[in-house]
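Comments concern the structure below.
Because only heavy atoms are used, hydrogens play no part in the values below, and waters and symmetry mates are left out as well, while side chains stay in.
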Amino acid sequence: MFLIALVMALLSLALFALTAFSVYLMLYTWERPERLAASKGPTTYLPPRLTFSVLVPARHEEAVIYNTVRRIMAANYPPHLVEIVVISHEDDVSTIAEAQRIARECADRRVRVETFTGGPINKPHGLNVGLQRTQNEVVTIFDAEDDVDANIFNIVNTVMLEEETGIVQAGVQLMNFRDHWFGLLNCLEYFFWFKSRLHFHAQIGMIPLGGNTVFIRRNLLERIGGWDDHCLTEDAEIGLRLSLLGEPIRVVYDAQHVTREETPPTIGAFIRQRTRWSQGFLQVLHKGSWQALPQFRQRMLAVYTLAYPILQALLFVLWPLTMVTAFWLTLPVVVVMMSFLPLYAFILQFVVTAVGAYRFAGEYRLRMPLWTPVVMAITFFPFQWVLGVSAIRAVIRHLVGTGNWEKTAHVGAHRKPEIVPASEFARLLEMAGHHLGAERGSVLLLDQGATTFSVLASRGLPPEIVASAALDATTGIAGHVARTQRPTIIDERFPNPDLKSRLLLPTLRSAVVLPIQQHGSTVAVVSLSSALTTLGEEALSWLIEQVEALGPHRVVATPAH
């Protein structure tokens, strides 16, 4: 009985310590204001100087690759300083066809498709192919489903030049938190990982890099020989080898500049994804390169991080046994009290996660239902159970030597209009002013009853309109376009004087108005207008291109004059 009591006490203390440390990592940047401020990117940008090679490895990504490349092309950075390379195995004809389609549409020919043969058919192999066939100073990776911020290259250019660092890990954020029961908890994992935990790793000097939106100077990649072709977490593995160089790694997380991604579409896909990540960590742990880290705390952090799949598997198996033992065996009171320590830490972790849900919603201007804490309380343990199953599966696969790449499918679920932040549309309106000379613009969201609009973003509109909680959608130009579902050009040639008279400022010379549609229904209307410039078909084409770059919205290319 003494031996059982001792094991119970030690196990409870270990589980409590591990969970408590996880909570500390979740709150690292919030602990001190200066850390939170240091996690942000620059507010002003240096003139563009660095050149970028963008690698987009893609496997069976025909559903999303076209719009992803368009988003990268639309970035606010000189086109001649950015080359975009989609890399795919030669047997993936559908993805290659979609990538070649956007390459043909690119007038300046900065987009191209590179293919490879043979194995292994996985992401790190594709990245090494891309590294060999590009030449710009900074190499960056985006995944095939990524929604990339328009100023990401300006941010990295500024950080690398001002802070003299050769590696920048920018933020990545899952967004479609309403789509699955596990979606919100999955999104919050990314939120705490990129906003807090990675900053702790960077401060210690041992950082498992993320799989995309990471920027590395080419000379550093060449020094370490690129990526490990056979590692399932090539990002964490290369981050460890870059840490061995002693190169400082800057982590940047700003809500308005993160790369947006989607949660896995099914629970099975989620388990396979987590299995791959956990098994990859075990591969890196077994490889042993972490032992060359110069500081003891770096090595301990590496062991904790890479061995965490084993700890998760043990937690999954031993925690129920611990609780059963505490209730059914006669043990000293102190041991029984200690056995509940992991439960207290688990509850604390849940509370922090629940509060984090509202911080996440606030930063991304999302509506979080009032019953969210109740839903999270119901799903929190099942979510941990799924992580435990994934960890056990990873350990088994690693022990038996199964190392095939289990790919996660992508459908573009994160590109729904309701999760495109207002800042994206505000930037679009600013760009319209610079590129087209449009002094005024607005993005109006249509309610479900199709009777009122709300102003999502605006430029040059009267303050009383911007401040309005609801605008009538049954009249006016925007209402007309919402009902007809056709883009409209309004100028001095417009044949319908009644419609032209509905302009808020009839003295305007011209306007272009575009509906944004989802599943066959208008969900928003974008309009640009000018009193000085004629906005015609070229302006409308430009607007369609910019809106489509935000996501797979359906717009009709034939305008009504």
Side-chain angles (χ1 to χ4, degrees), residues 39 41-42 46 48-58 72 75 77 81-87 114 122-144 146 148-149 151-172 193-194 198-199 201-229 231 233-253 257-259 280 284 289-290 292-293 298 302:
S39 70
L46 294 178
R49 198 186 83 187
L50 295 177
T51 60
F52 295 89
S53 294
V54 179
L55 308 185
V56 188
I72 300 171
Y77 203 77
L81 299 180
V82 180
E83 60 174 340
I84 305 168
V85 181
V86 179
I87 310 125
E114 295 286 351
N122 59 21
K123 181 178 178 179
H125 189 179
L127 291 175
N128 283 324
V129 169
L131 179 64
Q132 295 166 5
R133 301 180 189 178
T134 55
Q135 59 183 4
N136 285 352
E137 298 170 86
V138 180
V139 177
T140 185
I141 304 99
F142 290 120
D143 286 343
D146 286 351
V148 179
D149 178 71
N151 281 311
I152 191 64
F153 298 111
N154 283 313
I155 291 168
V156 175
N157 176 77
T158 302
V159 169
M160 282 190 166
L161 295 179
E162 281 189 342
E163 303 180 21
E164 298 182 349
T165 181
I167 308 165
V168 176
Q169 172 68 72
V172 181
W193 179 270
F194 284 95
L198 277 188
H199 298 278
H201 282 270
Q203 192 272 328
I204 296 297
M206 194 298 295
I207 181 168
L209 291 171
N212 67 76
T213 322
V214 59
F215 298 77
I216 309 170
R217 284 189 178 269
R218 181 176 296 273
N219 65 313
L220 295 177
L221 285 170
E222 291 172 346
R223 280 177 61 186
I224 63 173
W227 290 267
D228 183 344
D229 274 358
C231 186
T233 50
E234 83 296 330
D235 45 1
E237 195 277 337
I238 201 170
L240 187 58
R241 285 190 286 129
L242 289 168
S243 297
L244 286 169
L245 296 179
E247 184 74 21
I249 299 175
R250 173 72 151 92
V251 180
V252 177
Y253 187 98
H257 299 311
V258 299
T259 293
V284 181
S289 56
W290 56 272
L293 289 166
Q298 292 174 324

For the atom pair [atom1] ([X]) and [atom2] ([Y]), what is the distance rounded to the nearest 0.5 Å?
{"X": "Arg49", "Y": "Thr158", "atom1": "CZ", "atom2": "OG1", "value": "11.0 Å"}
{"X": "Cys231", "Y": "Glu237", "atom1": "SG", "atom2": "CD", "value": "5.5 Å"}
{"X": "Asn212", "Y": "Leu55", "atom1": "CG", "atom2": "CG", "value": "12.0 Å"}
{"X": "Leu198", "Y": "Ser39", "atom1": "CG", "atom2": "OG", "value": "11.0 Å"}
{"X": "Leu240", "Y": "Leu293", "atom1": "CG", "atom2": "CG", "value": "5.5 Å"}
{"X": "Glu162", "Y": "Leu46", "atom1": "CD", "atom2": "CG", "value": "4.5 Å"}

Is any side-chain heavy atom of [Y] closer than 4.5 Å to one of [X]?
{"X": "Pro42", "Y": "Ile155", "value": "yes"}
{"X": "Glu83", "Y": "Thr134", "value": "yes"}
{"X": "Ile152", "Y": "Thr140", "value": "no"}
{"X": "Leu50", "Y": "Val156", "value": "no"}

task: With side chain to side chain donor-acceptor pair (under 3.5 Å) as the test, would you mind laying out the steps for Asp229 and Asn128 before giving the verdict?
output: CA-CA 8 Å; Asp229 274 358; Asn128 283 324; 2.6 Å; yes
task: May I ask you to decide if the ring planes of Phe215 and Phe142 are parallel, tilted or perpendicular, using 30° and 60° as cut-offs?
output: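 The arrangement is perpendicular - the two ring planes meet at more than 60°.
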- prompt: Which of parallel (below 30°), tilted (30 to 60°) and perpendicular (above 60°) describes His201 and Trp193?
  reply: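 The rings of His201 and Trp193 sit tilted, inter-plane angle from 30° to 60°.
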Mind listing the closest non-hydrogen atom pair of [X] and [Y] along with its distance?
{"X": "Arg250", "Y": "Val159", "answer": "CG-CG1, 3.6 Å"}
{"X": "Gly226", "Y": "Ile238", "answer": "O-CD1, 3.8 Å"}
{"X": "Val251", "Y": "His199", "answer": "O-CE1, 3.2 Å"}
{"X": "Gly211", "Y": "Ile141", "answer": "O-CG2, 3.6 Å"}
{"X": "Leu81", "Y": "Pro48", "answer": "CD1-CB, 3.9 Å"}
{"X": "Met160", "Y": "Ile216", "answer": "CE-N, 4.4 Å"}

Are the side chain of [X] and the backbone of [Y] linked by a donor-acceptor contact shorter than 3.5 Å?
{"X": "Asp149", "Y": "Asn151", "answer": "yes"}
{"X": "Gln298", "Y": "Ile204", "answer": "yes"}
{"X": "Thr259", "Y": "Val172", "answer": "no"}
{"X": "Gln169", "Y": "Tyr253", "answer": "no"}

- request: May I have the step-by-step check of salt bridge (charged side-chain N to carboxylate O under 4.0 Å, His left out) for Arg218 and Glu137, ending in yes or no?
  value: CA-CA 6 Å; Arg218 181 176 296 273; Glu137 298 170 86; over 6 Å; no
message: One pair to check against salt bridge (charged side-chain N to carboxylate O under 4.0 Å, His left out): Asp143 and Lys123. What are the steps and the verdict?
response: CA-CA 10 Å; Asp143 286 343; Lys123 181 178 178 179; 2.9 Å; yes
query: Are Thr165 and Arg217 close enough that a side-chain donor and a side-chain acceptor fall under 3.5 Å?
result: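 Thr165 vs Arg217: no donor-acceptor pair found between side chains.
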task: Answer with yes or no whether the side chains of Arg241 and Ser289 bring together a donor and an acceptor at under 3.5 Å.
output: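 There is no such pair (donor and acceptor under 3.5 Å, judged by atom type) between the side chains of Ser289 and Arg241.
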Among Thr51, Asn157, Asn154, the one residue meeting side chain to side chain donor-acceptor pair (under 3.5 Å) with Tyr77: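 That would be Asn157; it is the only one of Thr51, Asn157, Asn154 passing the side chain to side chain donor-acceptor pair (under 3.5 Å) with Tyr77.
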- prompt: Taking only residues two or more places apart in sequence, or in another chain, which ones meet Arg223 in a salt bridge (Lys or Arg N to Asp or Glu O under 4.0 Å)?
  reply: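 With sequence neighbours excluded, Arg223 shows a salt bridge (Lys or Arg N to Asp or Glu O under 4.0 Å) to no residue whatsoever.
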task: Mind checking salt bridge (Lys or Arg N to Asp or Glu O under 4.0 Å) for Glu222 and listing every partner two or more places apart, or none if nothing turns up?
output: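 Salt bridge (Lys or Arg N to Asp or Glu O under 4.0 Å) list for Glu222, sorted by chain: empty.
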query: Do the ring centers of Phe52 and Phe153 come within less than 6.0 Å of each other?
result: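 When the ring centroids of Phe52 and Phe153 are compared, they turn out to be within the sub-6.0 Å range.
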field: Evaluation steps, side-chain contact (heavy atoms from CB on, under 4.5 Å), between Val168 and Val214
entry: CA-CA 6 Å; Val168 176; Val214 59; over 6 Å; no
query: For Leu242 and Ile224, what are the C-alpha separation, side-chain angles and deciding distance, and is it a side-chain contact (heavy atoms from CB on, under 4.5 Å)?
result: CA-CA 8 Å; Leu242 289 168; Ile224 63 173; 3.6 Å; yes
task: Would you sort out whether Asp228 and Val284 count as a side-chain contact (heavy atoms from CB on, under 4.5 Å), showing the intermediate values?
output: CA-CA 10 Å; Asp228 183 344; Val284 181; over 6 Å; no
